[in-house]
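Here the structure comes first, spelled out in structure tokens, and everything after it is commentary.
Whatever order the structure lists them in is the order used to number ligands and atoms, beginning at 1.
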Amino acid sequence: MLTLKKNTASLLADATAKLFGEGLLSADEIFEMLEYPPDKSMGDIALPCFRLSKSLRKAPPVIASALAAEISCDEFSEVNAMGGYLNFRISPTAFATRVVSDIRAAGEKYGSPMCGEGKTVILDYSSPNVAKPFHIGHLGTTVIGHSLKLLHQFAGYNCVGINYLGDWGTQFGKLIVAYKKWGGREQVEAGGVDELVSLYVKINNAIKDEEDASVAGMPEGSRKHSALADESRAEFAKLEHGDEENLALWRWFVDVSLKEYEKTYKLLGIDFDSYLGESFYTDKMPAQVEKLRNMGLLEIDDGASIVNLDKWNMPVCLILKSDGTTLYPTRDIAAAVYRKGEYKFDKAIYVTSAAQSLHFAQWFKVVELMGYDWYDQLVHVPYGTVSIGGAKLATRTGNVILLRDLFDEAIKRVYEITREKHPDEDECRAISEKVGVGAIIFYYLSNNRIRDINFVMEDALCFDGNTGPYAQYTYARTCSILEKAGECGEMTDAPLTEVEFELAKVLSIFPERIKSAIAEYEPSVVTRYILDLCAAFNRFYHDCKIAACEDKDLRSSRLALTAATSRVLKTALGLICMQTPEKI
Ligand code: ARG
């Protein structure tokens, strides 16, 4: 549609120049005015001429009929003036032929806006905190982040995916104390990150108990105290000063956790170009703090060093605590400066929950105040919260749903549903994995990212709803039709009906959708597109004989449309991290 819309705009620009004089309206301006009428009986594309009447100084109906008489193009079967509107009806066969030939020519690149050539985008996403659970709250950053990477890659950007592991901080002091008190090498080796998380939960509870006991019977507002918390701070200080034993423990904890995360990433088909976590930036922060101080941007507030952001209606940005230790924003600033030097990015995208929006707005502003002229290349992409409804999932570690458990549950359920159809156990397992994981991704990415969602496993897995399994099933259907027919067909002159035309229109709109998905940092645009395409294809499948069609030419065109659908579905599903099994 985009191509046709562009061509239409340039035809119209030529016609207006000829009829009303040169230089009044450009093709780009006309392009912006063109609409897809909601009522198909009007036509397929429309130009509301009242938008032209100001520049052309004529009444809209006059403009519409003059243009209608002037325009001619093979791809239009009719050009009509109706009141102030100029309506274009597209010739289905000519249009579908061009769309299918565009798709064949571009192949796996069909739909790419090719706007990223020679540019670098870095994406900071997933980034779990070591020894804290990798839970359902991380689903958003992981799948939105990776889809955005795939979309940018598709557009030709050079992309760097960064997992900014939360591998530093006071939680390691606590973990070291807990491990020395209650842990053991074998338990951690056997239990992996779960064991670390339960040690972490245990010490947090113990600290809370000590704190509560310390103020029991004391007047309101008395200072709480915990010996375990003191010990934890001391162990973290030792770690920061390079204590060998603690450093070795820390490295081991990080390794154990990473191994576990990698299992989940593998299931999702995700990999990262860099795992440089928070710890890497420890020695890179002093230079930035120094710069802030030299520029007079730091103020002392209750012993802490802060940047005042009153003028921008934001609370202060904390740079150093009163004890001189650094904070989350300090680390992000140092990391951004380092990454700019390392990757010379044109854009740096950070995907986190909306709860961190203020944090990003604050430190982006500080980067600007520091005079870094690339501050406007930093982009925060927030998403809403996820809660769980319906499915019963074990909460082994505290009150959270682990991401891995969520996927395991989905895989198990798909396996139960598909087991009888698949005599081959291994094949069934492989398919269940692709469909189960895909169901969760698709369900999650069906909503605008900023919306809060309530996750209902039953809905995600429903084979005949607007779900991942349904989309994958539709793709598998295209594959099996083509395989049975033994050919991919060619477009012919056979007249096409409305359903085929609708399918071609949906196929033709793919490049426009990809463009908006990238511009809005919104993978759900792709998900919704997939649903539109599946609906159009399934209508076509139900109404038309494809491989069994008696008319040779019509059969060939229909197979060509099926092959084009198959190609576009595969690309689109791939862009939202979905696998595309050819059989289900
Ligand atoms: N580790 C953080 C968390 O789990 C997310 C990090 C996001 N990236 C960043 N550069 N701050 O909340």
Side-chain angles (χ1 to χ4, degrees), residues 121-146 148-149 159-172 174-175 193 196-197 200-201 204 250 253-254 257-258 260-262 264-265 270 272-282 284-285 288 317-319 326-343 345 347-367 372 374-375 377-386 397-398 400-404 449 521:
V121 170
I122 67 170
L123 301 102
D124 173 318
Y125 63 101
S126 201
S127 313
N129 294 326
V130 171
K132 293 189 191 169
F134 190 20
H135 58 83
I136 188 161
H138 293 99
L139 181 61
T141 169
T142 307
V143 298
I144 295 170
H146 199 64
L148 290 178
K149 181 180 174 192
C159 293
V160 185
I162 302 175
N163 194 329
Y164 182 61
L165 276 186
D167 63 357
W168 202 247
T170 45
Q171 80 256 37
F172 287 97
K174 291 183 184 172
L175 200 58
V193 76
L196 294 180
V197 172
Y200 185 68
V201 170
N204 276 322
W250 166 75
F253 294 156
V254 173
S257 310
L258 248 186
E260 188 60 43
Y261 302 150
E262 277 171 345
T264 304
Y265 293 139
I270 292 182
F272 291 91
D273 305 293
S274 160
Y275 273 102
L276 288 186
E278 296 191 23
S279 65
F280 179 76
Y281 297 99
T282 306
K284 312 214 165 19
M285 284 183 282
Q288 299 311 316
C317 184
L318 277 164
I319 301 295
T326 53
L327 287 128
Y328 191 41
T330 329
R331 231 169 260 283
D332 259 325
I333 294 168
V337 173
Y338 173 83
R339 290 169 183 175
K340 183 69 191 178
E342 187 70 11
Y343 301 112
F345 58 73
K347 198 154 56 172
I349 296 173
Y350 296 83
V351 187
T352 78
S353 98
Q356 297 195 26
S357 293
L358 179 62
H359 160 74
F360 282 93
Q362 287 176 305
W363 76 260
F364 286 1
K365 182 50 86 181
V366 174
V367 167
Y372 290 115
W374 40 268
Y375 70 90
Q377 296 172 338
L378 304 171
V379 182
H380 179 229
V381 176
Y383 60 87
T385 57
V386 187
T397 41
V400 293
I401 308 285
L402 298 184
L403 212 47
R404 198 189 54 222
R449 60 180 155 75
Y521 304 101

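- Remark: ligand 1 atoms within the under-4.0 Å shell around heavy atoms of Asp124 are 7 (C), 8 (N), 9 (C), 10 (N).
- Scanning Tyr328, Tyr350, Phe360 for the heavy atom closest to atom 6 (C) of ligand 1 points to Tyr328.
- Of all atoms in ligand 1, listed by their number and element, those nearer than 4.0 Å to a heavy atom of Tyr164 are 8 (N), 9 (C), 10 (N), 11 (N).
- Heavy-atom proximity to Thr352, at under 4.0 Å, picks out these atoms of ligand 1: 7 (C).
- Interatomic distance, Leu175 CG to Trp250 CH2, rounded to the nearest 0.5 Å: 13.0 Å.
- In terms of polar-atom proximity, defined here as any N/O pair under 3.5 Å, Asn129 does make such a contact with ligand 1.
- Between Tyr328 and His359, the distance from one ring center to the other falls under 6.0 angstrom.
- A donor and an acceptor atom, one from each side chain of Tyr281 and Thr326, are nowhere located under 3.5 Å apart.
- Ring pair His380/Phe360 is parallel by interplanar angle, where below 30° counts as parallel and above 60° as perpendicular.
- Under a 3.5 Å cut-off, the side chain of Thr141 and the backbone N or O of His138 do not form any donor-acceptor pair.
- When all heavy atoms are compared, the tightest approach of Ala354 to Pro382 is CA-CB, 3.8 Å.
- Residue Gln356 approaches ligand 1 through these ligand atoms, each under 4.0 Å from one of its heavy atoms: 3 (C), 12 (O).
- Every atom of ligand 1 is numbered from 1 in the order shown, and the set under 4.0 Å from a heavy atom of Asp332 is 9 (C), 10 (N), 11 (N).
- Under a 4.0 angstrom heavy-atom cut-off, Arg331 registers as lying outside contact with ligand 1.
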